[in-house]
Protein chains: 2
Amino acid sequence: MIADNIYPFDEWEIREPRFSPEMNDRNETEFSIGNGYIGTRGTFEEETDLYHNGTYINGFYETMPIVYGEPAYGYAEKSQTMLNITNGKRIKLFIDGEPFDLSTGKIISYERKLRMREGYLSRSVTWASPSGKQVEIKINRIASFTHKHLMAISYSVRLKGESAEIKLISEIDGDVRNEGAGHDPRIGSPLKGRRLHLDESWADETMVLMRHHTRSSGLSIVCAMQNILKTELPYTVESSCDNMKGSVCFQLDARSDQEIELVKFIAYHTSDNGNDKSLVQRGVNSLREAVQLGFDQIQKEQEEYLARFWYRSDIEIDGDPALQQSIRFNLFHLLQSTGTNGATSIAAKGLTGEGYEGHYFWDTEIYVLPFFIYSTPEIARKLLEYRFSILDKARDRAVVMSQKGALYPWRTINGDEASAYFLAGTAQYHINADIAFGLKKYIDITGDNSILKWDGAEMLFETARLWADLGHFNEDREFCIDGVTGPDEYTALVNNNLYTNIMAREHLRFAYRISLELKKTDPAGYSSLSEKIDLSEKEVEDWKTAAENTRIPFNKELGIHPQDDTFLDKARWDFKGTLKSKYPLLLHFHPLVIYRYQVIKQTDLVLAEFLQGQFFSLAQKKRDFDYYDPLTTGDSSLSACIQGVMASAVGYHDKAYHYFLKTSRIDLDDVNGNVKDGVHTASMAGTWISLVYGFGGMRDYDGKLSFSPRIPDTWNKLKFKLTVRDTLLEVNISKDKVVYNILEGNELSIMHDFQEIRIKPGKAVVRSILP
Amino acid sequence: MIADNIYPFDEWEIREPRFSPEMNDRNETEFSIGNGYIGTRGTFEEETDLYHNGTYINGFYETMPIVYGEPAYGYAEKSQTMLNITNGKRIKLFIDGEPFDLSTGKIISYERKLRMREGYLSRSVTWASPSGKQVEIKINRIASFTHKHLMAISYSVRLKGESAEIKLISEIDGDVRNEGAGHDPRIGSPLKGRRLHLDESWADETMVLMRHHTRSSGLSIVCAMQNILKTELPYTVESSCDNMKGSVCFQLDARSDQEIELVKFIAYHTSDNGNDKSLVQRGVNSLREAVQLGFDQIQKEQEEYLARFWYRSDIEIDGDPALQQSIRFNLFHLLQSTGTNGATSIAAKGLTGEGYEGHYFWDTEIYVLPFFIYSTPEIARKLLEYRFSILDKARDRAVVMSQKGALYPWRTINGDEASAYFLAGTAQYHINADIAFGLKKYIDITGDNSILKWDGAEMLFETARLWADLGHFNEDREFCIDGVTGPDEYTALVNNNLYTNIMAREHLRFAYRISLELKKTDPAGYSSLSEKIDLSEKEVEDWKTAAENTRIPFNKELGIHPQDDTFLDKARWDFKGTLKSKYPLLLHFHPLVIYRYQVIKQTDLVLAEFLQGQFFSLAQKKRDFDYYDPLTTGDSSLSACIQGVMASAVGYHDKAYHYFLKTSRIDLDDVNGNVKDGVHTASMAGTWISLVYGFGGMRDYDGKLSFSPRIPDTWNKLKFKLTVRDTLLEVNISKDKVVYNILEGNELSIMHDFQEIRIKPGKAVVRSILP
């Protein structure tokens with residue numbers, strides 16, 4: 001893996017030390033910046049050797065009718081695609097009429113850095129134009145975390161040698177399209193043509209604004225820019241705007257070594273209203289605020305914001321700078337990608353590319369949420385609030401699917417089901433339980449019960465009642481859930497997928513418990529809620545009955561749990577006869593072929609035994625892991641981290657390390673060759689899971705933390721922090737010992753290797769690690 | 001059912017006694033004529049109140065890329081749609097400038113008849129124009145069985161009362177489109193726009209010709225017409241042709257009671273060559289031949305052809321004229337729809353409409369073929385030859401599906417898989433065994449072994465080897481077939497569907513047996529074939545091993561066979577809670593909902609026990625029928641006939657009769673409301689199956705005929721004929737006895753109620769039927 005690395009192992013930076021146009025597709029993704037609302041790919045301002053110059057707003061999408069070869073009742077009707085919006089970052093530089101373009105002239109020095117500690121992208125170039133004019137350029141690009149509607153670019157130019165005419169053209173460009181999609185189903189369906197329709201545009205001297213609406217989804221957006229030229233030299237400025245593009249052009253005669261800085265502020269505002277004229281004022285206000293603050297202040301606030309973030313979330317790995325770099329890269333991109341307004345979530349590719357159409361999946365709750373719960377719980381809460389915000393749509397979907405309650409969409413932006421292949425989409429009913437699992441973990445760890453009142457209980461109950469309605473009791477009075485697909489998308493439409501059943505069971509138990517608690521603690525609130533959703537005592541008792549009798553398939557002969565009722569009946573996939581080039585299997589075999597065999601796309605039963613590990617003995621986990629791990633292709637990036645965690649748990653430390661390597665630099669090293677379409681946010685969060693739950697050996701069943709740490713031989717130290725209620729716990733693991741320390745907050749009771757320890761603030765507790 | 005009937009119960013005619021524009025959609029289908037090559041809907045020449053004026057050539061199709069919401073490896077890439085071709089039947093009549101149009105003026109008398117005994121469509125109308133000119137019109141329309149490329153129309157006009165100017169415009173029209181498709185998956189995907197591209201056209205005095213090619217599939221077609229006006233009056237004639245349309249216009253001053261007859265011959269020729277100029281000469285030749293023959297001779301030949309057909313195939317039901325009419329209607333349409341050139345087959349809707357895109361399914365071998373085997377074996381052979389003609393494509397498909405041998409497409413015209421929903425398409429691997437079953441029955445009954453040498457053995461072996469490759473042995477050494485869909489499309493992607501397994505088993509056995517026989521009888525031929533397809537001794541022995549160990553699931557507790565490994569684990573569908581308006585379920589429930597329950601679209605296990613009945617005791621059949629019949633919705637028209645046959649077999653005579661009524665007039669009475677899209681050819685053949693196998697109680701395992709007849713109480717007699725080798729056997733069943741009589745050929749040994757009888761020519765054998 002490390003052989004493929006193209007960046008030096010700077011601990012806090014991703015540094016591209018030379019101009020690498022051949023890498024531009026993946027670099028555009030990796031050098032993306034974002035603040036959870038705006039995201040923009042790392043494409044150069046001057047757009048040299050473009051792959052795809054995308055800018056996105058979280059939750060801003062366009063719809064198209066989904067076309068089916070053979071439509072059927074209840075199929076998702078419209079696609080939702082995160083839209084490539086008005087491009088605000090373009091700045092063109094001309095020196096004596098020659099455009100700055102790295103593919104011409106001569107590059108004297110070059111460096112691009114994603115500065116993860118400070119939260120911005122910078123580039124330094126010394127370049128000679130074809131006619132020999134030399135220029136130093138320094139660019140910093142920020143998507144502000146403290147001013148979510150704002151991006152800012154500082155673009156400074158310094159001539160070296162003889163004087164020249166400098167022209168700087170700053171643009172916003174409405175002539176944008178989404179990237180087309182090929183035959184790879186993982187990239188998703190394309191939006192045809194330009195989807196933004198101009199409503200108004202204008203330019204004053206240095207400000208340009210364009211307001212658009214989307215052709216089909218009926219959303220509107222404004223993109224506005226303000227440009228300030230900082231120079232002591234006289235200059236002229238002209239601005240213009242047409243249907244497609246607005247620009248501000250500065251022109252001056254520059255002399256050697258005199259710095260000219262163009263500061264560009266770009267504001268985005270969006271609205272559900274298809275003709276929202278108020279967006280214009282909001283755009284202008286944001287720009288005014290930006291001008292008042294100035295670039296330096298925005299940069300300073302950004303650094304402060306990131307400092308706070310890293311203080312609670314940073315992980316240190318001593319002994320492996322490549323991994324140290326990648327874990328920070330992953331956490332940084334998670335922060336950049338995650339919606340924090342309660343109306344958005346985190347897309348499978350974040351805000352860095354158009355893979356998976358910008359959809360939100362179960363990845364949010366099962367992979368990403370734990371990181372935020374333990375580092376930035378206020379963001380975790382916003383992710384759950386997003387689910388509450390689409391509860392009505394989940395209720396509608398349940399009706400279409402002939403069920404009571406609410407059924408969450410397998411993939412969505414606006415809350416409608418957008419999966420065009422139901423076997424690996426809607427059939428994954430486990431999404432309901434995944435969300436409930438996330439809610440429970442949030443409450444268990446943060447202690448924030450208030451979330452239940454604010455729609456949490458309603459969502460919990462509505463999603464639980466779907467299970468009771470969906471399942472049935474077989475002749476042995478087992479509660480069965482038939483005709484579903486589990487996380488493993490290489491096995492479809494099965495009865496009693498263990499993952500689904502156990503997650504549903506715990507969902508029902510949790511809902512039952514919460515209903516009892518609320519009835520006690522808030523009888524009026526509970527009664528008003530149960531009236532609202534027509535929830536009877538009997539129905540709640542039925543949840544308990546269903547949970548207590550849920551079928552958990554077990555094969556006595558093999559001593560293992562079958563992944564589902566028929567998984568073990570099938571032939572094993574011929575792994576030996578399958579060429580490496582035939583992976584991922586889904587690109588080389590018809591689904592019918594894949595479904596016929598014991599072959600697993602991504603961790604499924606093993607994931608169940610991780611998330612619900614309290615119900616399985618270590619010996620059982622080991623037997624199951626031994627059976628399923630060789631069948632698991634890892635053709636999904638969601639797989640390796642969990643297989644690694646469970647390898648750790650059952651004592652396969654080399655394997656765990658191997659899986660960790662596979663997970664941790666999947667994006668930095670473009671392991672799957674598809675980083676051009678965006679980063680893999682779930683896998684990025686999987687790195688965190690691997691470190692904390694895997695090498696840290698943490699478990700947190702019902703909110704009770706236990707640790708059983710062990711780090712790889714090549715490392716000297718693994719240090720991470722966890723926010724648990726109002727306590728900040730530091731866990732510092734070295735080869736032979738672990739130090740638990742409370743940095744903030746109150747004392748905490750945890751387990752270390754089956755022993756309870758009570759940690760008090762300021763008094764580090766040391767425990768040794770047995771080899 | 002009978003209450004819905006709109007035609008008088010003429011035994012040999014479908015007669016529309018009054019102009020019924022409100023019925024025009026279904027009437028266009030029911031009054032279709034065809035000859036297995038050309039088919040044209042019963043739309044009027046003048047096109048009053050048009051629903052869809054389709055004309056089709058069997059096997060002539062257009063392709064379009066199939067669009068998937070989420071594409072995947074191995075999906076069918078192109079649709080194939082039977083194309084609505086150049087319309088040749090249009091004739092416009094003007095009386096003193098007023099167009100003949102039944103929606104204006106006054107209808108004095110009207111009658112339309114499908115004359116099934118003679119093989120043509122006729123219409124008689126007496127009509128007064130809005131200005132009061134009265135005219136008698138008689139039209140006969142023929143698609144010639146003896147001249148497959150020819151249609152002919154005799155259009156005679158007789159003025160009543162004062163003189164008037166008569167204008168007759170005969171047209172061919174290239175401005176044609178296919179009918180659009182809505183959300184009903186049974187209608188299939190539409191072809192957008194005009195798909196015929198004009199290559200050449202010309203008009204001489206009375207002849208017009210247009211040659212087109214299809215835009216995407218690369219086929220070409222010529223449509224040519226010749227027009228002859230028969231009158232003693234002087235007339236003028238003018239012809240013209242533009243890009244869209246060619247016409248010949250006759251004009252004359254007519255007097256009362258003088259007959260004017262326009263004879264129009266229409267010739268169609270098609271070619272796989274996208275620019276086949278020779279089609280022009282072939283079209284002209286056909287027209288010349290037609291002119292030489294004249295309309296009367298063509299009509300005479302048609303009557304003779306039909307007389308021969310009916311002599312061997314007619315079924316008489318004494319005591320129920322409605323059923324008598326419908327059985328003839330059904331057999332007539334089967335004859336009209338079936339390709340006889342060895343390169344085409346019979347579409348699900350014949351040549352009468354665009355439902356199911358004109359695709360051929362397993363319907364051909366399992367439903368339609370037996371009728372032709374027993375009545376017109378030369379056509380049966382042609383249907384099998386069609387399968388041989390697409391063997392190479394079936395081999396290609398097997399490669400795509402990662403299998404050895406050949407996998408026939410679930411639905412196709414040109415041999416490529418055209419199913420856009422693989423769960424109810426490609427997953428129905430049983431198609432291979434269905435075809436082999438048809439081949440075996442053909443050989444068993446006709447004794448025509450020569451078909452094996454002519455590609456039959458090659459197809460048989462290539463399709464058999466797919467099974468051996470597809471299946472695997474489980475731990476109990478049972479041969480299992482996983483991940484398939486059986487005939488019941490309300491249950492998908494299962495392991496060991498009993499129908500599939502037993503049909504595959506018999507397929508393997510038959511292939512094994514034939515390989516032994518050929519090795520003995522034609523060692524050189526066998527050796528050259530096995531070399532060609534690389535078939536080893538071991539592989540053939542493996543077929544035997546697989547067949548001998550095929551898993552046939554059985555549930556001891558219930559004493560029944562499960563439809564598949566998990567069928568009985570699922571909950572039963574809530575039939576009581578399902579409104580009548582919610583059927584067919586597929587239009588009201590998501591597939592995931594339907595798949596989750598014990599609910600059956602169409603006969604599946606019961607069909608297996610019909611086709612392979614020798615392997616099941618009567619008691620077993622009864623137990624299985626009792627279990628599955630209540631679960632069977634009959635949402636497919638393929639269901640009722642088989643459920644009826646098996647109801648007869650297990651002694652449920654009322655139920656059998658009920659099912660028969662449901663089957664027999666499904667098209668005449670438009671039971672499902674979709675006759676506008678074409679007749680249901682499999683169900684039509686199902687009527688024959690119901691009568692011969694059901695009430696006749698015939699079985700023909702391994703070619704040995706047995707009977708156990710019993711007719712419904714309301715009937716006096718059921719008489720049918722069977723061609724067995726060169727013998728024509730008549731079976732004449734009345735309430736208390738059956739008379740077996742050989743009308744042609746040699747003596748025959750049959751079983752009657754478990755007793756062997758030897759029937760000699762000319763010596764009828766009478767057996768009594770016990771109540």
request  = Could you check if a side-chain atom of A/Arg596 sits within less than 4.5 angstrom of a side-chain atom of B/Val484, using non-hydrogen atoms only?
outcome  = yes
request  = Drop me the distance from A/Ser419's OG to B/Glu70's CD, to the nearest 0.5 angstrom.
outcome  = 5.5 Å
inquiry  = Please identify, among A/Asn474, A/Ile594, A/Asp565, A/Asp569, the residue contributing the most non-hydrogen atom pairs under 4.5 Å to chain B.
reply    = A/Asp569
query = What are the two closest non-hydrogen atoms of A/Pro591 and B/Tyr73, and how far apart are they?
reply = CD-O, 3.7 Å
query = Do the side chains of B/Thr566 and A/Thr566 get nearer than 4.5 Å, heavy atoms only?
reply = yes
request  = Taking the side chain as every heavy atom from C-beta outward, state whether B/Leu423 and A/Leu423 have any pair of such atoms under 4.5 Å apart.
outcome  = yes
key: Heavy atoms from other residues, nucleotides or ligands near NZ of B/Lys393 exceed 12 (cutoff 6.0 Å)   = yes
task = Identify which part of B/Tyr421 has an atom lying under 4.5 Å from any heavy atom of chain A, answering side chain, backbone, both or neither.
result = both
ask   = Heavy-atom distance under 4.5 Å to chain A: side chain of B/Leu470, backbone, both or neither?
value = both
message = Heavy-atom cut-off 4.5 Å, strictly under: side chain, backbone, both or neither for B/Ala492 against chain A?
response = both
key: Considering all heavy atoms, the nearest A/His472-B/Lys570 contact   = CE1-C, 3.8 Å
ask   = Using a cut-off of under 4.5 Å for heavy-atom pairs, which of A/Cys480, A/Gly425, A/Ala427 has the most such pairs with chain B?
value = A/Ala427
query = Given side chains that start at C-beta, do those of B/Leu493 and A/Leu592 come closer than 4.5 Å, heavy atoms only?
reply = yes
task = Select one option (side chain, backbone, both, neither) describing which atoms of A/Phe589 are under 4.5 Å from chain B's heavy atoms.
result = both
query = At their closest point, which heavy atom of A/Gly69 faces which heavy atom of B/Ile66, and how far apart are they?
reply = CA-CG2, 3.7 Å
query = A/Tyr75 and B/His590: aromatic ring centres closer than 6.0 Å?
reply = yes
A/Glu77, CD atom: more than 12 neighbouring heavy atoms under 6.0 Å = no
